[in-house]
Amino acid sequence: MSKPRLYSGMQPSADSLQIGNYIGALMQWRDLQEAYDAFFSVVDLHALTQPNDPAELREKTRRTAAQYIAAGIEPSKSTLYVQSHVPAHAELSWILSTITGFGEAGRMTQFKDKSQRYGADATSVGLFTYPVLMAADILLYQADIVPVGDDQKQHVELTRDLAERFNSRYGTTFTVPMPVIQQDTARIYDLQNPTAKMSKSAESDAGVLWLLDDPAVSAKKVMRAVTDSEGSVRYDREEKPGVSNLLVIYAALTGRQIPSIEDEYAGRGYGDFKKGLAEVVVAEFGPVRERALALLSDPAELDRVLAANAARAEAVATRTLADVYDRVGLLRRA
Ligand code: AMP
Ligand code: TRP
């Protein structure tokens with residue numbers, strides 16, 4: 001029996017991923033790639049909805065792909081590719097846009113937030129149709145599950161609605177995917193502002209642990225992380241967001257349970273605890289960084305791996321697209 005399909009992706013929106021991406025997404029992807037026929041894309045077409053310098057976008061795309069691989073996504077096991085390398089994404093997106101309601105797309109909270117922030121003149125049609133392109137990503141591969149963060153759940157719901165609508169209008173064509181929403185315990189907060197999610201676009205660099213940072217820099221950031229004045233290493237999200245966040249990171253990277261870490265540091269100060277965590281962070285990310293930098297030192301080889309994976313993706317995507325074109329009544333080219 002063939003394995004169920006999985007689809008997920010991330011935007012190439014920074015030179016380095018941060019450890020929230022690693023713990024919240026990549027670690028789960030790495031585990032899931034065993035039981036699923038997994039497709040992981042670097043969604044560069046989506047990234048165009050933000051202003052980008054062209055040379056930088058190319059570089060960020062390579063870097064994001066290298067970090068997927070360095071974190072343990074295996075390009076021989078999973079299909080790891082760049083979205084724009086498979087033209088069917090843009091093509092299916094057009095078809096799906098013709099069955100998406102204007103009001104339906106306008107209800108997407110991410111669009112509402114972003115368009116409000118940018119203002120009407122700086123809001124592109126691409127930002128509006130962003131979720132339709134995301135639906136095309138998922139539906140082209142007949143994905144059964146889509147692991148995403150909470151903020152993307154609504155987009156996967158839209159994807160399900162579009163799949164069901166298309167299927168009922170034109171006959172069963174798409175698998176209706178299930179979102180798999182990341183656990184709360186996998187959410188990482190900013191080290192300096194531990195009630196805000198750690199993010200690539202954080203205001204201050206001091207609160208963000210970058211995957212490609214020098215390990216000594218990351219260790220220093222851990223040592224300077226905001227805590228509280230109580231002095232006991234204890235999980236309490238409400239009262240002790242800083243310490244709780246550090247405990248979550250510690251537990252995620254070591255596979256240990258939070259109470260066992262609390263026990264280990266009982267009666268010891270935050271200094272000891274942070275030193276322990278800094279060691280864990282260096283031990284985990286040192287090798288990831290080395291692997292990513294090694295991959296990036298040979299861009300031609302990396303591009304070759306991405307091309308081979310894109311060919312695999314394209315074979316699946318083209319089949320779905322041809323079926324869709326037939327069903328909606330586009331005349332086949334002779
Ligand atoms: P983004 O960088 O926001 O595009 O997110 C890419 C992926 O990383 C998504 O699956 C997010 O849910 C996940 N992610 C981003 N930031 C965090 C965080 N601070 N904690 C946990 N997961 C995160
Ligand atoms: N929109 C997603 C994000 O910002 C990225 C994404 C694009 C995606 N296409 C996808 C995620 C398909 C899952 C499946 O995180």
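Both ligands and their constituent atoms are indexed starting at 1 by order of listing.
Using a 3.5 Å distance cut-off with no hydrogens or angles, the side chains of Asp44 and Ser84 do pair a donor with an acceptor. Gln192 and Ser204 form no side-chain donor-acceptor contact under 3.5 Å, judged by distance and modelled atom types alone. No hydrogens or angles considered: a donor-acceptor pair under 3.5 Å links the side chains of Trp210 and Asp205. Tyr7 and Tyr36 form no side-chain donor-acceptor contact under 3.5 Å, judged by distance and modelled atom types alone. Remark: the Thr109 side chain and the Gln154 side chain contain an N/O donor-acceptor pair separated by less than 3.5 Å.
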Every pair of nitrogen or oxygen atoms between ligand 2 and the protein that is under 3.5 angstrom apart - can you list them with their distances to 0.1 Å?
unit_1	atom_1	unit_2	atom_2	d
ligand 2	1 (N)	Tyr130	OH	2.7
ligand 2	1 (N)	Gln152	OE1	2.9
ligand 2	4 (O)	Tyr130	OH	3.1
ligand 2	4 (O)	Gln152	NE2	3.4
ligand 2	9 (N)	Asp137	OD2	2.7

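Close to ligand 1: Gln182, with a non-hydrogen atom less than 4.0 angstrom away. The shell of residues lying under 4.0 angstrom from ligand 1, judged by heavy atoms, includes Ala186.
The shortest contact between atom 22 (N) of ligand 1 and any protein heavy atom is with Gly20 O, 3.0 Å. In this structure, atom 6 (C) of ligand 1 lies nearest to the protein heavy atom Met10 CG, 3.2 Å. The shortest contact between atom 4 (O) of ligand 1 and any protein heavy atom is with Lys200 NZ, 4.1 Å. Of all protein heavy atoms, the one closest to atom 5 (O) of ligand 1 is Asn21 ND2, 3.4 Å.
Among Val43, Val208, Ile188, the residue whose heavy atom lies closest to atom 20 (N) of ligand 1 is Ile188.
The residues Asp272 and Arg268 are annotated as salt-bridged, a charged nitrogen and a carboxylate oxygen being separated by less than 4.0 angstrom. A salt bridge between Arg30 and Glu34 is absent, with no side-chain N of the basic residue lying under 4.0 Å from a carboxylate O of the acidic one. We find that Arg327 and Asp323 are joined by a salt bridge, their nearest charged nitrogen and carboxylate oxygen being less than 4.0 Å apart.
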Subject >> salt bridge (charged side-chain N to carboxylate O under 4.0 Å, His left out) between Arg62 and Asp303, intermediate numbers included >> reply: CA-CA 8 Å; Arg62 274 210 190 92; Asp303 288 356; 2.8 Å; yes
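Between Tyr189 and Thr195 the shortest side-chain heavy-atom distance does not fall below 4.5 Å.
Every atom of ligand 1 is numbered from 1 in the order shown, and the set under 4.0 Å from a heavy atom of Arg187 is 20 (N), 21 (C). Every atom of ligand 1 is numbered from 1 in the order shown, and the set under 4.0 Å from a heavy atom of Met198 is 16 (N), 17 (C), 18 (C), 19 (N). Listed by number with element, the atoms of ligand 1 under 4.0 Å from a non-hydrogen atom of Gly24 are 21 (C), 22 (N). Of all the atoms in ligand 1, the ones that sit under 4.0 Å from a non-hydrogen atom of Gly149 are 10 (O), 12 (O).
Judged as a salt bridge (Lys or Arg N to Asp or Glu O under 4.0 Å), and not counting sequence neighbours, the contacts of Arg5 are Asp37.
At a 4.0 Å heavy-atom cut-off, ligand 1 touches Gln18 through the side chain alone.
When each of Gln67, Gln28, Glu284 is tested with Tyr22 by the rule side chain to side chain donor-acceptor pair (under 3.5 Å), just one qualifies, namely Glu284.
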